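These numbers were taken from a predicted model, which means no experiment stands behind them.
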Amino acid sequence: MGYEIRSLFQGETKRLLWPMGIMLTVIVAFQYFELPYDHVLSSVFSTGKVPAPAVENNSLVTGGPESKSEIASDTANGLNSTGTHNVHEMANDTRTSKAEDANLQDDFDDGEDNHEEPMTEKLEELNKNSTVDTVQNAGNGPGPEKGRESEQSFIQRNDSGGAGLSPIPVSPVMDLSSNITLQGANISTPITIHSNSSSTDKDATPALDKIEKPAQSSLNTLGENSSGVDVPKENKKPEIPTPAVITIAEMKNMLLQNRASYRSMRPRWSSAVDQEMLYARSQIENAPLLKNDHELYAPLYRNVSRFKRSYELMEETLKVYVYKEGQRPILHEPVLKGIYASEGWFMKQLEANKQFVTKDSRKAHLFYLPFSSRMLEETLYVQNSHNHKDLIQYLRNYVNMISAKHNFWNRTEGADHFLVACHDWAPAETRIIMANCIRALCNSDVKQGFVFGKDVSLPETNVLSPQNPLWAIGGKPASQRSILAFFAGSMHGYLRPILLHHWENKDPDMKIFGQMPKAKGRGKRKGKTDYIQHMKSSKYCICAKGYEVHSPRVVEAIFYECVPVIISDNFVPPFFEILNWESFAVFVLERDIPNLKNILLSISEKRYRKMQMMVKKVQQHFLWHPRPVKYDIFHMILHSIWYNRVFLARAR
């Protein structure tokens with residue numbers, strides 16, 4: 001009996017061994033064609049967990065058949081070495097719009113008259129704890145818990161919520177260049193650093209420099225493929241994007257593309273003003289050819305005929321509703337002196353204007369949000385806190401209040417509303433909450449979300465005397481300007497120290513200073529007078545960026561009839577949609593500072609005389625008057641806002 005059972009067991013065992021052997025053979029065969037792992041057992045039993053590749057000399061080393069570049073390619077597509085998605089990377093890609101408010105912190109730097117340094121330390125810490133760790137651990141699955149906790153705590157600390165106001169997406173037409181990302185919170189994504197990158201980018205450079213090129217490719221591709229969708233691998237080496245410098249010619253193309261493609265939200269209900277805006281657009285597009293206008297010198301403008309017709313229609317048609325809600329000092333309290341005076345003078349003169357302002361909201365083509373970005377900072381910001389949550393929340397509460405009280409905002413989700421703000425932080429403070437609004441900004445930086453065709457570049461004017469804003473206007477004739485180039489200013493930002501390194505006390509024709517030298521006992525007012533006299537006596541006035549792209553020196557140069565030399569990559573000059581800036585200003589790339597004198601000397605005397613003459617003619621557009629006059633800076637700001645709204649307007 002025992003023998004029979006044993007024989008039966010052996011027979012059944014033999015029958016089972018055959019199919020098991022066949023299955024094992026099939027698995028062994030398939031590993032050479034399909035599986036990316038070293039051996040069968042690791043493929044069968046790994047369940048998505050493979051030991052992390054070793055790191056040698058900052059390079060990823062694996063024992064499998066894939067090359068380092070292929071591993072980097074997989075990492076860039078959101079995969080770890082097992083073919084599964086990295087948890088840390090996917091968490092980054094699924095941030096809600098509330099987290100975008102936290103990312104606004106990345107954009108804040110202090111202006112020229114503030115004593116705080118920009119938020120470089122916080123930016124560097126955030127970059128190290130999130131993006132850099134993601135790259136360094138791309139083959140290891142989830143990044144370190146420390147990095148993830150740091151990022152989440154940063155979001156929680158700065159998330160300001162905001163009931164009743166849905167996040168407003170930034171238009172995709174902002175990203176018109178393949179070399180630069182401009183949408184939403186991705187603006188602050190670290191990228192490969194070149195000599196013309198911003199101070200914020202440079203602060204992140206040391207951490208990124210330690211990573212080899214494949215890892216840098218992974219970093220950049222993560223920003224492009226953030227949806228978590230698998231992208232097929234390519235055998236060729238990934239290209240490494242470089243930070244773009246948008247030239248004036250490229251800005252013109254971007255403006256034209258936006259004019260053709262960008263449209264604001266269709267109104268939720270119809271209004272007679274929509275048809276009036278469409279009529280105005282038709283009139284401007286078909287403006288009659290203007291010849292020999294005694295008020296406007298044609299070469300100063302992109303299209304003088306269109307500008308003239310648009311300005312006439314603004315005078316005839318435009319009505320602006322000014323919100324009365326809100327308390328001082330943040331709302332309805334203009335600052336009229338100093339480098340933020342533009343927003344204050346505009347507020348003062350618009351609120352007092354009877355031609356354009358209407359109390360009947362049904363007749364309004366535009367709605368003005370009368371807050372001061374300068375007073376917002378001065379009232380709510382805690383010095384050295386590097387926390388702007390309260391400022392952002394204040395604006396959110398204001399929008400919630402007016403949208404709940406009135407239906408004007410809700411009809412277009414703010415597309416027919418506008419703001420005028422000159423503080424450095426205004427782009428970041430308004431980028432989410434007021435994204436649909438027309439934003440007139442002094443800090444008009446392409447890399448900080450400035451939208452061509454919607455936003456307006458606001459001139460930064462340093463008003464010395466509110467009682468007499470035209471004090472000391474003018475300068476010496478071109479033949480009496482003995483100084484080739486002049487600059488004086490505080491060492492704000494990364495660019496000015498470079499300028500002084502190359503040109504301070506290096507050449508008698510180049511008067512390049514830090515703080516303006518003053519004789520002992522002369523006093524502050526005398527020192528300012530010396531500064532003004534240098535501008536009045538120079539052919540070219542150097543307008544080098546500080547912490548941000550804008551500088552009051554651009555308008556100062558025009559005020560004192562000196563040809564402005566703008567050294568500020570990605571700066572959109574004021575009234576860009578109207579003025580032909582290359583006819584009266586010189587644009588020098590930041591990387592060309594060592595060659596600055598040769599660039600200026602290459603301009604012929606005849607060409608310089610013509611540019612200086614055109615500076616004098618364009619000057620009328622940059623002057624504040626106690627009471628507004630035709631074509632002055634008040635009317636030009638209002639016109640640029642009107643002009644952009646006309647070309648954005650849609651009917652129901």
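- When all heavy atoms of His635 and Val629 are compared, the pair lying nearest together is ND1-O, 2.9 Å.
- Judged by distance alone, the side chain of Arg374 and the main-chain N or O of Cys422 form no donor-acceptor pair under 3.5 Å.
- Between Lys545 and Glu548 there is no salt bridge, since none of the side-chain N atoms of the basic residue sits less than 4.0 Å from a carboxylate O of the acidic one.
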Could you please spell out the steps behind the salt bridge (charged side-chain N to carboxylate O under 4.0 Å, His left out) verdict for Lys308 and Glu295? CA-CA 10 Å; Lys308 178 79 171 182; Glu295 294 177 301; 3.5 Å; yes

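- Ionic pairing of Arg309 and Glu312 is present here: one or more N-O contacts between side-chain nitrogen and carboxylate oxygen are shorter than 4.0 angstrom.
- For the side-chain hydrogen bond (donor to acceptor under 3.5 Å, both in side chains) with Asn644, the lone residue among Lys454, Arg259, His639 that qualifies is Arg259.
- Across every non-hydrogen atom of Ile641 and Phe418, the tightest pair is CD1-CD1, 3.5 Å.
- Taking each heavy atom of Ile558 and Pro564 in turn, the nearest pair found is CG1-CG, 4.4 Å.
- For the residue pair Trp642 and Ser310, a side-chain donor N or O sits within less than 3.5 Å of a side-chain acceptor on the partner.
- In this structure, the side chain of Asn436 engages the main chain of Glu413 through a donor-acceptor pair within 3.5 Å.
- Aromatic rings of His550 and Phe571 (six-membered ring for Trp) have centroids beyond the 6.0 Å cut-off, not under it.
- Between Asp360 and Arg362, at least one side-chain nitrogen of the basic residue sits less than 4.0 Å from a carboxylate oxygen of the acidic one, meeting the salt-bridge criterion.
- If you look at Tyr631 and Tyr311, their ring centroids are closer than 6.0 Å.
- Checking side-chain atoms of Ser373 against main-chain N and O of Ala421 turns up no donor-acceptor pair under 3.5 Å.
- By the 30° and 60° cut-offs, the orientation of the rings of Phe408 relative to Phe367 is parallel.
- Taking both residues in full, the closest heavy atoms of Ala341 and Val463 are given as CB-CG2, 3.6 Å, listed atom of the first, atom of the second, then distance.
- Counting only distance, with no hydrogens or angles, the side chain of Asn258 and the backbone of Gly453 share no donor-acceptor pair below 3.5 Å.
- Between Lys252 and Glu582 there is a salt bridge, since at least one side-chain N of the basic residue sits less than 4.0 Å from a carboxylate O of the acidic one.
- For Glu285 and Arg281, the salt-bridge test fails: no basic side-chain N is under 4.0 Å from an acidic carboxylate O.
- For Tyr381 and His423, the ring centers sit 6.0 Å or farther from each other.
- With rounding to the nearest 0.5 angstrom, the CZ atom of Arg627 is 13.5 Å from the CZ atom of Phe634.
- For the pair Asn407 (side chain) and Asn410 (backbone), a donor-acceptor distance under 3.5 Å is absent.
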Run the side chain to side chain donor-acceptor pair (under 3.5 Å) check on Gln393 and Asn397 step by step: do they pass? CA-CA 6 Å; Gln393 186 61 45; Asn397 292 342; 2.7 Å; yes

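- Ring centers of Phe575 and Phe622: under 6.0 Å apart, within the cut-off.
- A side chain to side chain contact (heavy atoms under 4.5 Å, CB included) with Pro334 is found for one member of Glu351, Glu343, Met347 and no other, namely Met347.
- Ring centroids of Tyr323 and His332 are separated by 6.0 Å or more, keeping the two rings apart.
- A pairwise comparison of heavy atoms in Arg645 and Ile438 identifies CB-CD1, 3.6 Å as the closest pair.
- Note: Tyr643 and Phe647 meet the aromatic proximity criterion, with ring centroids under 6.0 Å apart.
- Note that CH2 of Trp425 is 12.0 Å distant from CG of Asn443, once rounded to the nearest 0.5 Å.
- Between the Arg302 side chain and the Phe576 main chain, a donor and an acceptor come within less than 3.5 Å of each other.
- Distance alone, capped at 3.5 Å, places no donor-acceptor pair between the Trp624 side chain and the Pro469 backbone.
- Between Arg650 and Asp274 there is no salt bridge, since no side-chain N of the basic residue sits under 4.0 Å from a carboxylate O of the acidic one.
- Counting only distance, with no hydrogens or angles, the side chain of Glu429 and the backbone of Ile392 share no donor-acceptor pair below 3.5 Å.
- Here Met314 contributes atom CE and His365 contributes atom NE2; the two are 12.5 Å apart, rounded to the nearest 0.5 Å.
- In the model, Gln257 has no side-chain atom that pairs as donor or acceptor with a side-chain atom of Asn253 under 3.5 Å.
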Yes or no on side-chain contact (heavy atoms from CB on, under 4.5 Å) for Val399 and Arg396, after CA distance, side-chain angles and deciding distance? CA-CA 5 Å; Val399 170; Arg396 186 186 299 279; over 6 Å; no

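- In terms of modelled atom types and a separation under 3.5 Å, the side chain of Thr379 and the main chain of Leu376 share no donor-acceptor contact.
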Might you work through the salt bridge (charged side-chain N to carboxylate O under 4.0 Å, His left out) test for Arg553 and Glu460, ending with a clear yes or no? CA-CA 8 Å; Arg553 286 164 184 78; Glu460 182 177 11; over 6 Å; no

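- A distance of 9.0 Å separates CG in Leu369 from CG in Leu395, rounded to the nearest 0.5 Å.
- Taken from CZ in Phe450 to CE in Met254, the straight-line distance is 10.0 Å, to the nearest 0.5 Å.
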Could you go through Val320 and Thr358, starting from their C-alpha distance and side-chain angles, then the distance that decides it, and tell me whether this counts as side-chain contact (heavy atoms from CB on, under 4.5 Å)? CA-CA 6 Å; Val320 179; Thr358 180; 6.0 Å; no

Leu318 and Gln355: side-chain contact (heavy atoms from CB on, under 4.5 Å), yes or no, with the steps? CA-CA 9 Å; Leu318 177 62; Gln355 177 184 357; over 6 Å; no

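- Here the side chain of Ser583 pairs a donor or acceptor atom with the backbone of Asn580 at under 3.5 angstrom.
- Atom OG of Ser640 and atom CG of Asp455 lie 11.5 Å apart (nearest 0.5 Å).
- In Lys630, the NZ atom is crowded: over 12 heavy atoms of neighbouring residues, nucleotides or ligands sit closer than 6.0 Å.
- Contact between Ser385 and Val382 at its shortest, heavy atoms only, is OG-O, 2.7 Å.
- Aromatic ring centres of Tyr321 and Tyr368 lie farther apart than the 6.0 Å criterion allows.
- For the pair Glu325 and Lys405, the salt-bridge criterion is met [side-chain N within less than 4.0 Å of a carboxylate O].
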